[in-house]
Every structure is written in C-alpha cells, then in structure tokens.
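One structure is given here, and the rest of the page talks about it.
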Protein chains: 2
Amino acid sequence: MKHKGNEEMNMQRYFVGDAQWTTDTVMLKGEQAHHISRVMRMSAGDVIICINGQGVAAYCRILQAEPDCITCQVEESLSSDSELPIHITVAQGDLKADKYEWVVQKSTEMGAGSITGFPADHSVVKWDAKKNEKKHARFQKIARESAEQSERLKIPAIERKASLEEVLKEAQQYDHKWILSERSARKDHHHAIDDALRQLQQTDRILLVFGPEGGFSTREHETAIDLGCAPVSLGARILRAETAPVAALALLVYHVELKR
Amino acid sequence: MKHKGNEEMNMQRYFVGDAQWTTDTVMLKGEQAHHISRVMRMSAGDVIICINGQGVAAYCRILQAEPDCITCQVEESLSSDSELPIHITVAQGDLKADKYEWVVQKSTEMGAGSITGFPADHSVVKWDAKKNEKKHARFQKIARESAEQSERLKIPAIERKASLEEVLKEAQQYDHKWILSERSARKDHHHAIDDALRQLQQTDRILLVFGPEGGFSTREHETAIDLGCAPVSLGARILRAETAPVAALALLVYHVELKR
C-alpha cells in the first residue's frame, strides 16, 4: 500500500540494527519491543518507521506483536531526508552530568554528526574513568532517543578524548575548526563567525570546540588557535556553556539548509 | 580611578532599583547584599558592576559591606552595550515548569526583550491561577539572574496572557510576527525564515510564537496565520518545544549583530 507524507507525522520511529533486517521483514526486541507493545500499545496492522544503520528509513507494518519481539513487514521507504549535508562535530569540555546530557540531546536535535567530550582545564567535574562505560551508554541512549524524536536518520557518534589536544590532533579531518569562547564575545570578534559561515561548502566537515562552565583556560584558548581554530563569537552576551552549542548549530543549519 | 575593559571580565553584576541610587552612591540590600558579603566574600575596596532601571551600568566600589547592606561609591559607567537593537518578544505556550523556566533562562541569555506565557490547546500543564503570582516572581528571578550572568543591561519583562488570541491581539505593536511550528518544518517552508530575516530592520519589534510540547492545534496555527503570523521553519528536524526559542533567537542575533 502507498503511504502518504502526512502519515509520517507523529509516527513512532525506531533505529534498528542491520542484523535485525531481512529484505522484507524487520524484528524489534527488548526495550523497543516493550515500547511498541506496552507503552504505545500497538498491535498487528499498525505502522511504525524503522531506520537502519545506513540511515535508510522505511514504513514497517506490524505482523506480530509480542512483549519482547515485534515482527514487521517492510513496506516502502521514506523519501524525506532530515540529515544535514555537512558533518558537524561538537567537542564539549566536560560539564556537570545534567548539562552534558542536555548538550547531547540538543546537539542531536540540531543535527550534529558526532559529539565528543573531553576534560577541560576549568571543568568542575572530574569524570571517574571507571564510570566512563556506563556514562557512554547513557549518552548513546540519549542521542538515539533524541534522534528518533527529532526524526533524524542517523544517530550522532558519542566519543571521548583525553584532552583538548587529543581533540585537535584529528583536526586535519576537518575543513573548518572554530573555537567558541567568552573571550571572543568580549573582544568584538563579532563578524568572525559571519566570515567563517560564508566559507562553508555543503559537504564540509566542521569541528566546533566549546568550553566548560568556567570557560577555556588561556593555555587552551592559545593552543586551539595555534592548531588552526578560528575564534568566533555568538554575540555580545555571555552564554552559559550548554547554550552555546545550540546557538552555533542553529547558525550552521541556517546556512546550509534555510538560506536561499 | 580609570577601569580597564578587561576588569569587566567575571566582575559581579547586580540590577539595582533606581530608588537605591544617589548621584554618587548606590545601596544594595537583602539577597544581593548577602550574595556580595557572604557568597562572594567581598569587602570595602572591591568593585562590582551595578545596573539601573534604564540599563545604565557603572563600576561601583564598595565603601561599607554589612551582611544586609552594601554601600558603594559610583565610579565611571561602562561603555559596552550588550543589548540587541531589535526588541524580541518570545511568546511561549505553557510547558512543564522546568522546561518553561529553561526557556526563560535561555531566552534571556539570547537577548529577548520580553517573554510571554500563554495556555495553548495542547499544553499538558494547566496552570493554577492561585499560583500565578508565585510563578511570576520565580520567572522574574530566573530572568534577572540570567541577565546578570549573561552581562545584559536589561531584564526581560515576564508577562502572561490568557490565550494565543490575547497574545496576537497586541500584534499590531510588532513589525514582524512569526509562528514557529512543526508543521512548517514538515512542509518545506525552509526558506520562509530567510525571507523573514532579510526584511528585519535594526530597530524593529518582532513577536515569535512557540507552541507547547504537543505543538500547536490546527485551530491555533490557522488563527496565527489569519492574524498575520508568518509560518517559519528552523530546519528539517523536529525540535523539542524548549529548543526552538534558542535556535530562533540565535538567527536573529546573527542577523542584527554578527552579520557584516
């Protein structure tokens, strides 16, 4: 059967591992199966949207719904593409857990391709290495749920580096590198971000580096600039650490997706 | 004595009612006095920044610090202006308290001139009128603290209307009215916001209308458009209710403050 575009509205979306797909069926298990059968109370005949590891989304009609296993018939694929053409990495100096989770959720909504955490000189929280695995799983879950909710086709990669230097070591992978810092806001670099935005090409890879609550240390700020980061400002007001990524991503979305 | 611009960095800021000022002194009391003397542990000779009701900021040197009363000598005024030339009103359909408080804090950081709440058709929370006064005071405190932290010279006005219609009744005060909604994101109105941004003049007044968690009802969406709101999209991804105001304000800041 043919699915209309408006059916897509508010239709439940699930990212499903490639191993769970055949050419014409898809199987959802565990937490996702529970969500479909118990939380959403869906049953045979209902339609969901499933997305595979390559970001291909398809309408899938439930054939059999059990609490721990949902089997679906794969119908036609969706045409709409909600992914940005550019790849944006948000590198965020460690914040308190709730703020960091918030950055992961919002950066995912705004289209980030990957989110990398690192301990910054002024980071108040010191992450316990023993807890890293647990934290990583939690951030991945937040990114997956946020990607489903915002109707994305890809889940941002959640990564971790040992320091700002480690983040910048990989900087040659990127066409553009920006450091967003209080200093820039105070030093009237107000047009720097416009110059940087005008250089963007649709297929570029861009690295955005954000400081922790206390901002970057002078050492970090100088290191970033030495390693090719352009210092850019988001305006004359001082933004909280967790606010800056959303504002910066909004400008990138505007330039690649909304601008004529 | 002469104050250097960089002294301004991380200097504590306080909004002080006009009644507490004389030509050459300013007096801080209550919570602010407690913050200065106990939290910040400042004493005679230390310098703070005080801002009056007209948005004039001055370096003020503490003459006498008591737990409940701080007397300062008013020194020179600050030159920097962190206020946007345009006036932006964020009209936000009622959200759960924590999300709404978040919108107040972030909209203040991003430069909003006023923030107006209203009950929307799909608002999950129904505000208890008895609690309105308490809530209003709480939102004003969040706006004041956020304005101090982001180094603004004005505190956004916190207002409340009985419905979206009430908000739009005053729409003639505005040069531009936008409704930001999921529908726009799904209907490929992707260039509408660019057309709207290009019409902005530096001294314009603009009204931004945002829906609650559930989005706008068809009735509200049509009413807004009938009353002259331009439907605009913030991109191909569906943003959570509390994310949209930050993203929209970022684009306005870019257009009036950052763009060459």
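All values derive from a computational prediction rather than experimental measurement. Quick note on labels: first sequence line is chain A, next is B, and so on, each numbered from 1.
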Could you give the distance from OG (B:S146) to CD1 (A:I238), rounded to the nearest 0.5 Å? 12.0 Å
Based on non-hydrogen pairs under 4.5 Å, which of B:E83, B:M110, B:R152 is most in contact with chain A? B:M110
Less than 4.5 Å to any heavy atom of chain A: does that hold for the side chain of B:R198, its backbone, both, or neither? side chain
Please report whether the ring centroid of B:H190 lies less than 6.0 Å from that of A:Y254. no
Please tell me if the side chains of B:K259 and A:L197 come closer than 4.5 Å, counting only heavy atoms from C-beta onward. no
Do B:E109 and A:R237 sit within salt-bridge range, that is, some charged N less than 4.0 Å from a carboxylate O? no
For the candidates A:D81, A:V246, A:L251, A:V256, which exhibits the highest count of non-hydrogen atom pairs separated by less than 4.5 Å from chain B? A:L251
Say you draw a straight line from CD1 of B:I193 to CD of A:E257; how long is it, rounded to the nearest 0.5 Å? 11.5 Å
B:A247, B:A248, B:A147: which one forms the most heavy-atom pairs within less than 4.5 Å of chain A? B:A247
Using non-hydrogen atoms and a 4.5 Å limit, figure out which bit of B:K106 sits close to chain A: side chain, backbone, both or neither. side chain
Could you check whether atom CZ of A:R240 has more than 12 heavy atoms from other residues, nucleotides or ligands sitting under 6.0 Å from it? yes
List the steps and the verdict of side-chain contact (heavy atoms from CB on, under 4.5 Å) for A:R260 and B:D195. CA-CA 8 Å; A:R260 276 196 197 277; B:D195 299 338; 2.7 Å; yes
Does CZ in B:R138 sit with more than 12 non-hydrogen atoms of other residues, nucleotides or ligands closer than 6.0 Å? no
Neighbour count above 12 (heavy atom, 6.0 Å) for A:R219 CZ: yes
Starting at NE2 of B:H255, measure out to CG of A:D194 and round the result to the nearest 0.5 Å. 8.5 Å
Whatever's closer than 4.5 Å to a heavy atom in chain A on B:L249 counts as neither
Need one label for B:L258: side chain, backbone, both or neither, based on atoms under 4.5 Å from any heavy atom in chain A. both
